[in-house]
Each structure stands twice: as structure tokens, then as C-alpha cells.
A.B. asks: 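Pasting a structure below so you can have a look.
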There are 2 protein chains.
Amino acid sequence: MSSATKALTLLSHFSADCPEIGLSHMCRVAGRDKATTYRHLQALEATGFVEQNPLTKQYRLGPAVLHLAHLREVTVPRKDAALAAASTLAEATGETAHVSVLSGTTVYALCDCLSPRHGTRAVIDITTFPLHATASGLCAMAFGHDALMETALENLTGFTSATPQSKSDLQTLIASIRATGFACADQSYESEIQGIAAPLFDQTGRYAGAVAVACVASRFTRALEQTITSELIIAARAITRSWGGTIPTPIEAAWATLDTNPQELDTTS
Amino acid sequence: MSSATKALTLLSHFSADCPEIGLSHMCRVAGRDKATTYRHLQALEATGFVEQNPLTKQYRLGPAVLHLAHLREVTVPRKDAALAAASTLAEATGETAHVSVLSGTTVYALCDCLSPRHGTRAVIDITTFPLHATASGLCAMAFGHDALMETALENLTGFTSATPQSKSDLQTLIASIRATGFACADQSYESEIQGIAAPLFDQTGRYAGAVAVACVASRFTRALEQTITSELIIAARAITRSWGGTIPTPIEAAWATLDTNPQELDTTS
DNA sequence: ATGGCTTGGTTCATATATTGAACCTATGGT
DNA sequence: ACCATAGGTTCAATATATGAACCAAGCCAT
């Protein structure tokens, strides 16, 4: 590990719970020598990445990151990362991939990508996703803020016979989504379309959107489902990372149990 | 210069004009060896501070900065830095210091700090500053967006006999502010109050607000003016830096010519 | 095609910059 | 007065960074 990497790594120990860290404390959490840590903090301070609270002598993030973040936002729009991941996802699954973002209580379509593999394809022709009837909407309800449930209940339009129609229906679905880390919408918005979505998070740590696959229901098999879920995990991690966020540990844990299933099948074969 | 510092310094070469930089280009602008630069970029990439555009192989700012910037915003509110600088400014000048922020076309008071040195003090008892009559407002017009002039012309309230009353009055004042890097309001809002303001900038590079001194006019002398301007420069640099911005070069240049005046006096004495 | 130009990326001996135990000083609590 | 902990400093030992030279790939005009 290079010296520069070690210095940069110190920054990852700052968090919302622990926004100011003293030298000794930093030594402990970083597991490094005091002199080394001190010099690294000096280097970070010289470049504006940290600064010392003049009162407490504790270190905290510096102003340099503000400017860099602004530049990042300008140079790499969110849509680009989403589109790149959606493209890979569509390629790998042979189905339509799309990404949605949550703004207030509305789930907007950010981008989508159709796979040329099959003649029939799911087409995303809406700009806002109903909360209660789509995988992306349900994902937002499961991992977004609480106000979404109220909004959803105000508009329980029945699109198909499978569209959830009650609060208890939604609560059951949401519990399942939170347990598995995936939202599924089995022909609840359009018949013949099966949706599976995974959540995305931004730099604030909050739910930011979903990456989803809309699959022609007649093609949906157990094998395709496995491909979709494992590819969704990859896409969700990539987009979340690009947006400056991280997947919450409980969700990673839920995904990890899914990942091991194929391995179990391998050992029994 | 430590290795970590050298690596961090590479990040400063990214800008809005040049958001993606290739290895060779980075070597040239950083003036360092290719192997060294490459390894530094590798360290930055490993920590998420830069990433490679997969198409062009060029490096650009990475997602890590987004998260850090959010954390910085949460841990260090703008007001704190402003208040610290205002306090120093009030202490050094013996007059009332205050900081304003521009939001839309309105100039809001962010904080102020009175000096206990004199019995009479200027008191900032307004929450929004008139654009045409105060140093902070004129500063916004000189360095902020163009729409401010229209807004100012819609409300040319005459507070004192010295309040500017025409577009040409304002244009003359603004030209002077742009040339000197300071905005002055000589009893144009309240009689007996002389205001001097310096501009502040944020991480977007745009005008963000002003730091100002409100001085009791009867105490205003050439010597005090020199103290105020030199202290204002220090305060403006500190706040701007803390907000993630930089003072534009033309303004620094204007300030530099002022800085040399006292030196000229010294050499002749 | 060919040769020259540039690009991103890699190697390895050299020596420079990093390391960490021990030390210093100040402060707050008992 | 004492101990514990804090931030900060020193210096010999050595691990780590360095850069000239090198490689492979892409581009472009001949």
C-alpha cells in the first residue's frame, strides 16, 4: 500500500456520526502509528482535505472536497453512470434495463436500455413510475422515506389484476423487498411484464433510485431470474458507487445470502 | 513535499475547463515523472478520488469526493467559518463586521460581530440588504449575476441624501468596485455609517456573498480604511477558502496593487 | 504497408522519503 | 502530587518512492 493511499484512507474514517477525529483517535481507528498518522494528516491539511478545529484540535474534512465535488458533478452527470450500467445489464440479461430516481415522492425514469437479443422487448414508455405497481416504485417505498406510503395509498390505480390494492398488500411486498434486497413486480403494472429492481444510494446515504430489469413474462425462468439478480447487484453497486454512495450493510447481507445459493447448487451437482 | 501531498496535488489540476486529464498530460502539468504520476493516479483511483473514463483512458474526478463533500457540508456549516472570520475582523478593525449571502436576487445577512472597542457601534438590524444602498448589495451587483441590476432598479428607495438614484450612478459605483475589489457605501443606507465590503465565492466559482465592515463615519480615517481593507482581504480569502471557492485572479490582482501601497509608503519614509 | 509520433503502462537498480519506538510538553481529572 | 491522555517531535533503520529506459498499441501522413 502506497503512502498516498494510506493518507487518503484516513479520510474514510470520517462519517456523519464521527465528523471530527483527534490524532490519537485516528491512530486507533486507522491502526497506524501516531507519527505516521500525524504526517499524513499534515499532508491532508496542506492540501485542504482536512482542517483542524482550532478549539478542539480535532481534525475534520476540509474545504477542498467541496470544490472537487462540484467539479465531479459537472463533469460526470449521474445519467452517464446509470446508462453505462444499464447497458451492461441489458447486454447480460437480454432484457430491458432501466434506472429511476426518487425526487420528493415521485419516481422518475432516468434512462433505459433495450437489449437487441429478442424480437419482443419491454419498452419503458412512462416518465414517472407508480409507487405501488412497479418494481422501481416498490423499491422506493421499501428503502426510501416513510411519506411514500401515504402517497402510494392516495393513488392505488388498478393497472392489472395483479396490482396491489390495499395497504396490507403493500406492506407484505415491502417486507419481502427489505428481506431480499430486491423489489419484484409480477405483471402488476403491465401484463406480460415482470420487473425486478435493486435500490441505489447517493452520497447522503439516502435512497436515491433503483436499477431495474423489465422482462417479458413469458421468458421469465428461474435461471433468468438468477442471472438478473446477480447482474442487478453488480449494476446497483456500480451506480451507487458512482453516485458517491454505498449500499447499506443489511442489503449487502441480504444479497450475499442470494449469492451463495448458486454455489450450493454447484456443490450438489 | 511528502508523497501523499504530491498525489493530492494532482487533483488540483482538474478544472471545469479541463475535467479529464490523460497520463501524459498530467505529467506535463504536474511537472513530474510518468511512472510517479502513474502510481499516484493509481493510488487516487484505488481510493475513489479519480476514475478512468473507460473510453478515453483519461482520468477524471471520482465518486469519493461526493460523499466527503456532503459530510463537510453537514459538519461545518457555512455560518461557522463566516462568524470566525467576522470575529477576527471586528477585533482587528474595532468596528462592526458582518457577512451576507446572495440567494437569487436577495442579499441576506448571515452573521455579524460587534467590536467592544468603542462606545458607539454600527448595529446590523436588517435581515436583507438593499442592493443599491449597501456595500454588501453593491458587491453582489458587481460580482454576481446580471439580473441583480434589474432587481435593484425596481427598488431605488432613497434612504439618505447619498443613496444612488439612477442606473448611471450604480454603473459608476460598480465599475469602481470591479476595479478595486472593494465595494464602498458612504452613508448611502444610514447616515453616519460607512460600509466597505469584499466579495466571497463558493465551490461553484460563483459569487456567494460578501464580508463587510460597517464603520461609524465620524471615526473613518485614511488609516482606518487601510486597516479595514487589508483585514477584509484576509477575511474574504479565509471565508472563500472555507466555502470551497477561490478568489478570482482579477480581484486578487486588484487587491495586490492595494497591498503594495503601504510598502511604497514604507520605502519613502 | 511503413515509419514516426504519441499514448498508457511496466520494469528495476538506486537512494530518498517513510516509518515507529521513544520522548517531550500540556492539560484535565482524582 | 500524581497518573492518564492528549497533540506533537526526534532520529536511526529500512521500506518505499523514484525515474531512465523500455514495451505495446493506436493514430496519421507518407
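Below, read A as the first sequence line, B as the second, and so on, with proteins coming before strands; counting in each chain starts at 1.
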A.B. asks: A:R72 and A:S242: side-chain donor and acceptor closer than 3.5 Å?
C.D. replies: yes
A.B. asks: Rounding to a whole Å, what distance do you find between B:Q42:CD and D:dT16:C1'?
C.D. replies: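 Roughly 17 Å, once rounded to whole Å.
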A.B. asks: Do you see a donor-acceptor pair shorter than 3.5 Å between the side chains of A:R28 and A:T37?
C.D. replies: no
A.B. asks: Which nucleotide sits closest to the side chain of A:R39: C:dA21, C:dG9, C:dT19?
C.D. replies: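 Nucleotide nearest to A:R39's side chain: C:dT19.
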A.B. asks: Measure CG/A:L41 against P/D:dG8 and give the value in whole Å, please.
C.D. replies: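 Those two atoms, CG and P, are 9 Å apart.
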A.B. asks: Toward the 5' end of DNA chain D, which comes first, A:S24 or A:S2, by nearest nucleotide?
C.D. replies: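 That would be A:S24.
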A.B. asks: Figure out the CG/C1' separation between A:L55 and D:dG7, and round it to whole Å.
C.D. replies: 15 Å
A.B. asks: Please confirm whether the shortest side-chain N or O distance from B:H40 to OP1 or OP2 of D:dT18 is below 4.0 Å.
C.D. replies: yes
A.B. asks: Counting only heavy atoms from other residues, nucleotides and ligands, does the tally under 6.0 Å from CD of A:E91 exceed 12?
C.D. replies: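 12 or below, so no.
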A.B. asks: CD of A:E51 versus P of D:dG7: gap in Å, rounded?
C.D. replies: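 The distance from CD of A:E51 to P of D:dG7 comes to 16 Å, rounded to the nearest Å.
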A.B. asks: May I ask you to verify if any side-chain N or O of B:Y59 is less than 4.0 angstrom from the OP1 or OP2 atom of C:dT7?
C.D. replies: no
A.B. asks: Measure CD/B:Q58 against P/C:dG9 and give the value in whole Å, please.
C.D. replies: 11 Å
A.B. asks: Side chain of B:T36: nearest nucleotide among C:dG8, D:dT18, C:dG20?
C.D. replies: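 From the listed options, D:dT18 comes nearest.
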A.B. asks: Taking for each residue the nucleotide of DNA chain C with the nearest heavy atom, is it B:H25 or A:A35 whose nucleotide lies nearer the 5' end?
C.D. replies: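 Going by which nucleotide is closer to the 5' end, it is B:H25.
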A.B. asks: Taking any heavy-atom pair under 4.0 Å as a contact, classify B:Q52: base, sugar-phosphate, or nothing.
C.D. replies: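 Sugar-phosphate: the residue B:Q52, judged by heavy atoms under 4.0 Å, touches backbone atoms but no base.
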A.B. asks: Please determine if a side-chain N or O atom of B:R28 lies less than 4.0 Å away from the OP1 or OP2 oxygen of C:dT7.
C.D. replies: yes
A.B. asks: Where the side chain of B:D33 is concerned, which of C:dT19, D:dA20, C:dG20 is the nearest nucleotide?
C.D. replies: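 From the listed options, D:dA20 comes nearest.
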A.B. asks: May I have the distance from A:K57 (atom NZ) to C:dT27 (atom C1'), rounded to whole angstrom?
C.D. replies: 12 Å
A.B. asks: Below 30° counts as parallel, above 60° as perpendicular, anything between as tilted: where do the rings of B:F201 and B:F143 land?
C.D. replies: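 The rings of B:F201 and B:F143 stand perpendicular, inter-plane angle above 60°.
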A.B. asks: With DNA chain D as reference, determine whether A:Y38 or B:K34 sits nearer its 5' end, using the nearest nucleotide of each.
C.D. replies: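 On the 5' side of the pair lies A:Y38.
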A.B. asks: Could you tell me how far apart A:L23 (CG) and C:dG20 (P) are, to the nearest whole angstrom?
C.D. replies: 14 Å
A.B. asks: Quickly work out the A:M26 CE to D:dG8 C1' distance and round it to whole Å.
C.D. replies: 16 Å
A.B. asks: Side chain to side chain contact (heavy atoms under 4.5 Å, CB included) with A:Y59: which of A:E51, A:E45, A:M26, A:E20?
C.D. replies: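 Testing each of A:E51, A:E45, A:M26, A:E20 against A:Y59, the sole residue satisfying side chain to side chain contact (heavy atoms under 4.5 Å, CB included) is A:E45.
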A.B. asks: For the side chain of A:S3, counting heavy atoms from C-beta on, which of C:dG9, C:dT18, C:dA21 is nearest?
C.D. replies: C:dT18
